[in-house]
Amino acid sequence: MSAPLVAPDSPFGDWDGTPAGARLLQLELAERVVLQDDFPVLRLIAGVDVGFEEGGSITRAAAVLLDADTLEPLAERLVRIPTSMPYIPGLLSFRELPAVLCALAELPRVPDLVFCDGQGIAHPRRLGIAAHLGVASGLPTIGVAKKILVGTHAELGSKRGDQVPLMYRGDVLGTVLRSKDGVRPLIVSPGHRVSLASAPGLVMACVTHYRLPEPTRLADRLASRRAGYSPPA
DNA sequence: GCGACAG
DNA sequence: ATCTTGTCGC
C-alpha cells in the first residue's frame, strides 16, 4: 500500500487561508451545530482558554479537566504553538482553535462537556469559537464570554443568577447571566450538543466564589500564566 | 460612508 | 489578548 501523500488533518479542512474563505467555511460548519442536549453522563467537565507570549508570536492553550460534581481539578495541560493568524473580530477560532484542540487532546481522559472562553452561537454567522470547537471535536461545548460580540438584551437584574436572553436579528442566541451579585454579566451561548435553555444552569453549577465558572477560570489562570490559589472555602 | 468589534 | 502601579470602592 502507498503511504498517504498528504493528509495534514487541519481543523479547517481545505480553507484557502483568507478571511473571506474563513467566513464561508463558518457558514457551512454552523449548519452542523446541534442545539439539543446530548451528553448522557456528566462526570467530567473541561475548561479551555488561550493566552500569548512574546508579544503574541506564541499561542498558549490551556485545558483543565474537572470532576463535574466536586469541581476539583483532576488534570491540566498546556501547549505552546507559534501564532499563525492575527485577531480579527468574528474569526477568533481561526487564530486560537488549533492550539485549543492540541491542549484538549493532551488531557488524560475525554470530557463529557467543554467550557470555552468566548462565544458559542452568539456570533454573526452562528459559529463562535465554542461552537467551532464543538463541531471540530464532536464534543458538547458551551461558550462563556466576558463581553458581547453581537446582539442586544433587556436590562438585567443585579443579583447572582439573574438572566435575560441575548437577541440578534430576531433570534435568541444566548443568555446574559449575572454569575455573582454586582459583577459584569457573562455571555453564555450553546456551542454544540447543548440547548439554549440548559446552558445557563450548567454554567451556574460551576460557579463558586468567582465571576467565571471554575472550568474557564482555571484554564484562564493557566493560559495567562497567572499563579494564585483559591483561599476562601 | 460611519461605527462596532469575543480574545 | 497584552503592556503595567497604584488607587478608588464595596
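Quick note: numbers below take in every heavy atom, side chains included, and nothing from hydrogens, waters or symmetry partners. Sequence lines set the chain letters: A, B, ... in the order given, protein chains first and strands last, and positions in each chain run from 1.
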Checklist line | Sugar-phosphate or base contact per nucleotide [nucleotides 1-7 of chain B; S, B, -; heavy atom under 4.0 Å] | finding: ----BBB
Item checked: NZ/NE/NH1/NH2 to OD/OE distance under 4.0 Å, A:D49 and A:R221 ->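 Salt bridge flag = no for A:R221 with A:D49.
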Notebook entry, point to check: Got a salt bridge between A:D162 and A:R178, using NZ or NE/NH1/NH2 to carboxylate O under 4.0 Å?
Noted result: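 Looking at A:D162 and A:R178, the cut-off is not met.
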Checklist line | Side chains of A:T59 and A:T83, donor plus acceptor under 3.5 Å | finding: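 On atom types as modelled, these side chains qualify, holding a pair under 3.5 Å.
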Checklist line | Pair A:T216, A:D117: side-chain N/O donor-acceptor within cut-off below 3.5 Å | finding: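 There is no such pair between these side chains.
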Margin query: Would A:R95 and A:Y87 count as a cation-pi pair here, with the cationic atom under 6.0 angstrom from the ring centre and within 45° of the axis?
Written below: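 That pair does not qualify as a cation-pi contact.
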Side-chain touch [X]/[Y], heavy atoms, less than 4.5 angstrom:
X      : Y      : value
A:I142 : A:V114 : no
A:F39  : A:L202 : yes
A:L44  : A:R109 : yes

Item checked: Structure string for DNA chain B in dot-bracket form, Watson-Crick and G-U at under 3.5 Å, | interchain -> .......
Next item on the list: Starting from P on C:dG9, measure out to CG on A:D181 and report it in whole angstrom.
Entry: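 Roughly 21 Å, once rounded to whole Å.
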